[in-house]
Amino acid sequence: MRLVILSDSHGRKGTVFDIIEKNIENTDYFLCLGDCCSNEDFEDAMIYFGSKLNIISVRGNTDWKSAEPLEREFKLADKRITMCHGHTYNVKATYLAFIRHAQSINADIAFFGHTHHPHISCENGMYIVNPGTASIGCYSIVDINSGKIECRNLKL
């Protein structure tokens with residue numbers, strides 16, 4: 001299973017479209033970690049790619065008219081995933097509160113945005129991923145195959 005993770009596109013619809021277009025053929029889900037103009041940054045891609053585009057999103061601190069939740073927890077490919085924008089955990093100061101939350105629910109992968117700085121680490125077997133800001137073409141790919149997790153940060 002392949003996940004493409006985006007965050008903080010802040011109105012850069014063209015960049016979001018380019019990331020999706022580059023990855024749509026081999027991606028199962030696109031995860032949006034917020035600050036994507038209440039998902040308006042995905043509008044053109046949703047029209048163009050239709051049902052091929054599977055998006056799971058959360059609301060960021062600038063997504064004022066979004067109905068999306070602040071965070072989500074779910075399972076994909078037998079891995080427990082948590083995702084949020086990050087502002088409610090004050091991730092610009094420290095990742096510690098978010099990491100503690102993710103550990104408390106036994107997450108295998110924890111996704112957050114907000115800082116605009118790409119980050120990948122592994123703490124006690126849990127992957128922590130921030131794709132950076134899609135506004136300049138940064139995003140992450142997470143592959144889950146045969147129980148193994150592989151994470152990469154990329155830039156267009």
Side-chain angles (χ1 to χ4, degrees), residues 1-9 12 15-36 39 41-42 44-60 63 66 68-89 91 94-156:
M1 173 168 290
R2 175 165 282 182
L3 310 174
V4 170
I5 300 87
L6 300 101
S7 187
D8 297 280
S9 51
R12 305 308 195 298
T15 306
V16 169
F17 190 95
D18 291 346
I19 292 169
I20 292 170
E21 185 175 46
K22 181 176 180 147
N23 293 283
I24 190 77
E25 293 304 323
N26 59 359
T27 297
D28 298 291
Y29 291 95
F30 289 84
L31 277 56
C32 173
L33 304 178
D35 282 4
C36 297
N39 279 354
D41 293 356
F42 287 88
D44 295 340
M46 287 188 278
I47 292 166
Y48 187 80
F49 295 109
S51 63
K52 288 174 66 174
L53 180 58
N54 298 310
I55 301 173
I56 301 171
S57 20
V58 292
R59 176 177 31 148
D63 293 320
S66 174
E68 297 295 336
L70 286 171
E71 56 189 274
R72 291 186 186 266
E73 297 169 5
F74 52 94
K75 273 190 141 182
L76 288 174
D78 289 325
K79 298 298 180 188
R80 188 168 182 92
I81 296 169
T82 185
M83 62 186 268
C84 70
H85 182 60
H87 64 292
T88 57
Y89 290 97
V91 296
T94 177
Y95 304 160
L96 191 56
F98 180 58
I99 291 169
R100 283 185 182 148
H101 163 71
Q103 289 170 332
S104 76
I105 63 160
N106 297 313
D108 297 296
I109 311 168
F111 296 114
F112 72 99
H114 190 53
T115 68
H116 292 208
H117 298 287
H119 172 87
I120 294 175
S121 62
C122 188
E123 298 227 1
N124 299 321
M126 179 182 66
Y127 289 87
I128 301 142
V129 179
N130 182 327
T133 176
S135 68
I136 60 168
C138 294
Y139 65 102
S140 298
I141 290 180
V142 174
D143 289 309
I144 307 169
N145 294 306
S146 302
K148 292 184 176 184
I149 300 168
E150 180 183 326
C151 308
R152 294 177 283 148
N153 281 334
L154 301 164
K155 188 171 180 182
L156 285 177

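Side-chain atoms are counted along with the backbone in the values below, which use heavy atoms only and exclude waters and symmetry mates.
- Shown here are the side chain to side chain contact (heavy atoms under 4.5 Å, CB included) partners of Ile24, two or more places apart in sequence or in another chain: Ile20, Phe30, Phe49, Lys52, Leu53.
- Looking at Asp41 and Ser9, their side chains do bring a donor and an acceptor atom within 3.5 Å of each other.
- The distance from the CG atom of Asp8 to the NE2 atom of His117 is 10.5 Å, given to the nearest 0.5 Å.
- A donor-acceptor pair under 3.5 Å links the side-chain atoms of Lys79 to the main chain of Gly147, judged by distance alone.
- Note: Tyr95 and His119 meet the aromatic proximity criterion, with ring centroids under 6.0 Å apart.
- Between Met126 and Ala102 the shortest heavy-atom distance is SD-CB, 3.4 Å.
- For Tyr48 and Phe17, the ring centers are positioned less than 6.0 Å apart.
- Here the shortest heavy-atom pairing between Thr15 and Ala134 reads CG2-O, 2.9 Å.
- Not a single ring-ring contact (aromatic ring centres under 6.0 Å, His included) links Tyr127 to another residue, sequence neighbours left out.
- Checked by atom type, the side-chain pair Ser7/Asp35 shows no donor-acceptor distance below 3.5 Å.
- The distance between the ring centers of His85 and Phe112 does not fall below 6.0 angstrom.
- Considering CG of Leu76 and CD1 of Ile81, their distance stands at 4.5 Å, rounded to 0.5 Å.
- A 4.5 Å side-chain heavy-atom check between Ile149 and Ile109 finds at least one atom pair inside the cut-off.
- In terms of heavy atoms, Val129 sits closest to Cys151 at CG2-SG, 3.9 Å.
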